[in-house]
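Right, one structure below, let's go through it.
Bear in mind the structure is a predicted one, so any value in this text is a computation, not a measurement. Lettering follows sequence order; numbering is per chain, from 1.
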Protein chains: 2
Amino acid sequence: MYMPKRAPIAAPSSPVDDAPGDMADGAADEVVTAVLTASRLLVAVSARSLASAEDTLTLPQFRMLVVLDSRGAMNISRLGEHLDVIPSTAMRMVDRLAAADMVDRKPNPTNRREIFISLTDAGRRVVHEATERRRAEIARIVGTMSPDQRAGLVATLQAFTEAGGEPLAHGPRTDVGW
Amino acid sequence: MYMPKRAPIAAPSSPVDDAPGDMADGAADEVVTAVLTASRLLVAVSARSLASAEDTLTLPQFRMLVVLDSRGAMNISRLGEHLDVIPSTAMRMVDRLAAADMVDRKPNPTNRREIFISLTDAGRRVVHEATERRRAEIARIVGTMSPDQRAGLVATLQAFTEAGGEPLAHGPRTDVGW
DNA sequence: AATCCCATATTGCATAATGCAAACATGGTG
DNA sequence: CACCATGTTTGCATTATGCAATATGGGATT
């Protein structure tokens, strides 16, 4: 297997003045790089653990199953909202997961417009197993951090996400890239 | 534009015993969720700022241009390593960026095997402009954090990434999903 | 020199995810 | 009923990606 070294992606250093009276120029880049580099590691580890079984899942698929597992059955539009994708995207994902017998489509008798998507038994089993596999992998990494570090990391990241505030808008594709 | 609310993706709560004498069960999930949620925000913001111009870029394309800008011309295999993708993937990305006149292919006279990829003037301009746009967007978010928080976040994330250690292996696709 | 192996680039193949637009059905409201 | 909002579905186009196979060139060994 191809095993390249990891290289942090720094933003091009531009000799531009700092933003007017706000913060040092490099601060934003630094945070972006740190977060995205960490997330690439996490995504790689997750993808590996999700793929290391009989029923392999992609990360988006895993996310969909997790949503269904934790929030219960719902229609495609709602499902898409939870995943921050438009309905047609959720649609195709459901197509594939249904083909793999992980989810079911059940028309809602009282509202013939909508279709409820629910986990099959197989889907539930798979998502639980995948979760365990991933948990084990991640624990190996997180285990090297002190509880203080862990707590601080989570708290700060949540603050950061909170600061972002704005709901994830659509338009530019975000599957493609980090 | 579709504007769904952001929902943190929690791992399915499984009533399983904690890993034998290591750490609380939820710790790994908590960190994963925090990092991936933050990164989704960041990716969305980045994608938006990269797309908000005449010459739009995807995030992977932006990363490629940044590598070329900061490390100079190199062959396709090397380029792929910097981006953690196999050569054929780097190949197609170069195809597209070359079609958009952002990069050049120049055969190496002294080694007819390899082709050197370099930024065109347009490519350099675009990557610098894109960087500025993104920097401005991110600064708005990062600006709400105290310098202490920022520093702590970066330090902790770097520690985390360090702890991950292992180079990003290939196999399961990682474009698909976070 | 002939051989053999490794590094490179390149292309065919397949797949997932994604957004957008359009078509179509259903539910409510005025 | 006329209209509009809500949902599902499909056609279309694109990007990124890995894998396998092919072709070419560099070097080293015999």
Side-chain angles (χ1 to χ4, degrees), chain A residues 1-4 40 43-44 47-48 50-51 56-64 74-81 83-100 105-117 168-178, chain B residues 1-4 40 43-44 47-48 50-51 56-64 74-81 83-100 105-117 168-178:
Chain A
M1 221 187 243
Y2 216 75
M3 294 282 271
R40 283 216 310 281
V43 167
R48 194 180 55 191
L50 293 175
T56 71
L57 296 172
T58 63
L59 231 171
Q61 288 172 344
F62 176 69
R63 286 219 297 144
M64 180 172 276
M74 65 187 81
N75 71 33
I76 292 189
S77 296
R78 241 35 74 223
L79 193 47
E81 288 175 8
L83 300 174
D84 294 321
V85 297
I86 69 176
S88 77
T89 297
M91 181 76 180
R92 326 276 182 152
M93 288 180 65
V94 168
D95 287 344
R96 295 180 198 112
L97 287 174
R105 275 183 158 100
K106 297 177 181 167
N108 179 348
T110 74
N111 183 339
R112 283 185 315 185
R113 267 189 293 201
E114 48 186 13
I115 307 279
F116 270 79
I117 311 299
L168 266 32
H170 283 260
R173 296 175 52 175
T174 53
D175 65 311
V176 133
W178 29 270
Chain B
M1 221 186 238
Y2 217 73
M3 293 282 270
R40 283 215 310 283
V43 167
R48 194 179 58 191
L50 293 176
T56 72
L57 296 172
T58 63
L59 231 171
Q61 288 172 343
F62 176 69
R63 285 183 66 215
M64 179 172 276
M74 64 187 81
N75 71 34
I76 291 189
S77 295
R78 240 38 72 222
L79 194 47
E81 288 176 9
L83 301 173
D84 295 319
V85 297
I86 69 176
S88 79
T89 298
M91 181 77 179
R92 325 276 182 152
M93 287 180 66
V94 167
D95 287 344
R96 293 178 200 114
L97 287 174
R105 277 185 157 100
K106 298 177 181 168
N108 179 346
T110 74
N111 183 340
R112 284 185 314 183
R113 266 189 294 201
E114 49 186 12
I115 307 277
F116 270 79
I117 312 299
L168 267 32
H170 283 259
R173 297 176 51 175
T174 53
D175 65 311
V176 131
W178 32 269

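- Rounding to the nearest 0.5 angstrom, the gap separating the CD1 atom in A:Ile117 from the CE atom in A:Met91 is 8.0 Å.
- Checking C:dA17, D:dG26, D:dG7 against every side-chain atom of A:Arg78, the shortest atom distance belongs to D:dG7.
- Side-chain N or O atoms of B:Arg105 include none that pairs as donor or acceptor with a backbone N or O of B:Ile115 at under 3.5 Å.
- Considering only side-chain N and O atoms, A:Arg105 lies under 4.0 angstrom from the phosphate OP1 or OP2 of D:dT9.
- Taking 4.0 angstrom as the limit, A:Ser88 places none of its side-chain polar atoms (N or O) nearer than this to OP1 or OP2 of D:dT10.
- Nucleotide C:dG19 holds its P atom 13 Å from the CD atom of A:Glu81, rounded to whole Å.
- Atom CZ in B:Arg63 sits about 13 Å away from atom C1' in D:dT17, given to the nearest Å.
- Smallest separation of non-hydrogen atoms from B:Ile76 and B:Pro87: CG2-O, 3.8 Å.
- Phosphate proximity of D:dT9 to A:Arg92: absent, as no side-chain N or O sits under 4.0 Å from OP1 or OP2.
- Within the 4.0 Å cut-off from OP1 or OP2 of D:dG26, at least one side-chain nitrogen or oxygen of B:Arg112 is found.
- To the nearest 0.5 Å, atoms CZ (A:Arg40) and CZ (B:Arg63) are separated by 3.5 Å.
- Between the CD atom of B:Gln61 and the C1' atom of D:dA16 there is a distance of 10 Å, given to the nearest Å.
- Which of C:dG19, D:dT17, C:dT10 sits closest to the side chain of A:Thr89 comes down to C:dG19.
- Between the CG atom of A:Leu59 and the C1' atom of D:dA16 there is a distance of 15 Å, rounded to whole Å.
- For A:Arg113 and D:dT6, a side-chain-to-base donor-acceptor distance below 3.5 Å is present, hydrogens and geometry of angles not being considered.
- For B:Met93, the listed nucleotide lying nearest its side chain is D:dT17; candidates were D:dT15, D:dT17, C:dA16.
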Quick one, B:Asn108 with B:Asn75, criterion side-chain contact (heavy atoms from CB on, under 4.5 Å). Give me CA distance, side-chain angles, the key distance, then yes/no.
CA-CA 9 Å; B:Asn108 179 346; B:Asn75 71 34; over 6 Å; no
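- Atom CG in B:Asp84 sits about 13 Å away from atom C1' in D:dT17, given to the nearest Å.
- Look at CD on B:Glu114: it is 9 Å from C1' on C:dA7, rounded to the nearest Å.
- Among C:dA9, D:dG18, C:dA16, the nucleotide with an atom closest to any side-chain atom of B:Asn75 is C:dA9.
- Taking only side-chain nitrogens and oxygens, A:Ser77 never comes nearer than 4.0 Å to OP1 or OP2 of D:dT6.
- In this structure, B:Met91 and A:Pro109 both approach DNA chain C, and ranking their closest nucleotides by distance from the 5' end singles out B:Met91.
- Here the nucleotide nearest the side chain of B:Ile115, chosen from D:dT8, C:dT10, C:dT8, is C:dT10.
- Look at CZ on A:Arg40: it is 15 Å from P on D:dA16, rounded to the nearest Å.
- Atom CG in B:Asp95 sits about 13 Å away from atom C1' in C:dG12, given to the nearest Å.
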